[in-house]
Amino acid sequence: MHWHSRIALALFVAVLGSAEARSAGAANGQDPDWPCIQRKVSEISSAQVWNGPPLDTAGDAWRDDSAVAELAGAIASRRTEMADAKGKIADFAAVTGADRNRRLTLLFAGVLASINAERSSIMAGIGRYARRQHALAEKIAGEAAELDRLPAQGGTADENTRRQDLTETQEWDTRIFRERERSLRYVCELPTLLEQRAFALGKEIGGQLRK
């Protein structure tokens, strides 16, 4: 078996496994394009990350409080270190006065909405990424199949040129495929990291509530 055939076989197995996973996911009501080991959950619910007053009464009211909206966006961002976020929350709580619990609840409603929006965007990107990866694996397998049909030796000038071009293309496509696979493992962690951030911020904001 030629080296390009071995590559094609390995990628075919990857594609087959992906297809089986998508079929199983579809049968279970899951997104068939979801490639991550982590189970796909459409959004983080407040019950998972918040022990304070119900957020359903807050709605989008946090957007009407400019200080709350600005702070929610700042601390929800992954660019803000958690230690810095904790300091900002404490400073905010210190100046809320008698309206402390209501505004802190609004703050977390804004944080959760911001994190869920980012998480939703990332998850949609993961689905697109997976579909491109699946298509690339099939392309590489097709290249290998064509290479196997071309004579390894003694071919015509056109056949030899085609073989060289296909070999170079397959090598490049395979390199991209493998680099994407490594990147995908990291990207798949992001929704979980955002859930952990929401939980940590919920705990910190909740700890500032007056009992």
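Only a predicted model underlies this, so the values are computations on that prediction, with no experimental measurement involved. The figures that follow rest on heavy atoms only: side chains count, while hydrogens, waters and symmetry mates do not. When a residue number appears, it is its place in the shown sequence, counting from 1.
- The disulfide (SG to SG under 2.5 Å) analysis of residues 70-155, with sequence neighbours excluded, yields no pairs.
- Note that the NZ atom of K86 and the CD atom of Q208 stand 11.0 Å from one another [nearest 0.5 Å].
- Note on I89: it does not cluster hydrophobically with V95, by side-chain heavy-atom contacts below 4.5 Å among ILVMFWY residues.
- The closest side-chain heavy-atom distance from L112 to W50 is not below 4.5 Å.
- Legend: residues meeting side chain to side chain contact (heavy atoms under 4.5 Å, CB included) with K203, ordered by chain and number and at least two apart, are absent.
- For the residue pair G155 and P151, the shortest heavy atom distance occurs at CA-CG, 3.7 Å.
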Only distances under 3.5 Å count here; give the side-chain donor-acceptor pairs of residues 188-200 to other protein atoms, sequence neighbours excluded, each with its distance to 0.1 Å.
unit_1 : atom_1 : unit_2 : atom_2 : d
E189   : OE2    : Q38    : NE2    : 3.1
E195   : OE2    : Q48    : NE2    : 3.1
R197   : NE     : I75    : O      : 3.2
R197   : NE     : A76    : O      : 3.3
R197   : NH1    : T80    : O      : 3.4
R197   : NH2    : I75    : O      : 2.9
R197   : NH2    : S77    : O      : 2.9
R197   : NH2    : T80    : O      : 2.7

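- When side chains are defined from C-beta on, R210 does not count as touching L104, because their heavy atoms never get closer than 4.5 Å.
- Here OG of S114 is found 10.5 Å from CG of L71. Values are rounded to the nearest 0.5 Å.
- Between V49 and I115, every side-chain heavy-atom pair lies at or beyond the 4.5 Å cut-off.
- The structure places OG of S45 at 7.5 Å from CD of E43, a figure rounded to the nearest 0.5 Å.
- Side-chain atoms of S120 do not come within 3.5 Å of backbone N or O of N116 as any donor-acceptor pair.
- With sequence neighbours excluded, no residue forms a ring-ring contact (aromatic ring centres under 6.0 Å, His included) with W62.
- The structure places CD1 of I140 at 10.5 Å from OG1 of T169, a figure rounded to the nearest 0.5 Å.
- Counting only distance, with no hydrogens or angles, the side chain of N101 and the backbone of L209 share no donor-acceptor pair below 3.5 Å.
- Rounded to the nearest 0.5 angstrom, D91 CG and T96 OG1 are separated by 11.5 Å.
- More than 12 heavy atoms of other residues, nucleotides or ligands lie within 6.0 Å of CG in D165, so this atom counts as buried by the packing criterion.
- R175 has a carboxylate O that lies under 4.0 Å from a charged side-chain N of E179, or vice versa, which qualifies the two as a salt bridge.
- A donor-acceptor pair under 3.5 Å is formed between the side chain of Y129 and the backbone N or O of R180.
- Atom CG of D158 is separated from atom CG of L150 by 11.0 Å, given to the nearest 0.5 angstrom.
- A single hydrophobic cluster is not seen to contain both W34 and I37; linkage of ILVMFWY side chains at heavy-atom distances under 4.5 Å, directly or through other members, places them apart.
- Tested against E146, the residues R163, R162, Q170 include a single side-chain hydrogen bond (donor to acceptor under 3.5 Å, both in side chains) partner, R162.
- Within a 6.0 Å radius of NZ in K139, more than 12 heavy atoms belonging to other residues, nucleotides or ligands are found.
- The heavy-atom pair separating A85 from L201 by the smallest distance is CB-CD2, 4.0 Å.
- Residue pairs meeting the salt bridge (charged side-chain N to carboxylate O under 4.0 Å, His left out) criterion with at least one member in residues 108-127, sequence neighbours excluded, are R78-E118.
- With hydrogens and angles disregarded, a donor-acceptor distance shorter than 3.5 Å links the side chain of Q133 to the backbone of F177.
- Counting only residues at least two apart or on different chains, the salt bridge (charged side-chain N to carboxylate O under 4.0 Å, His left out) pairs with a member in residues 100-114 are D65-R103, D99-R102.
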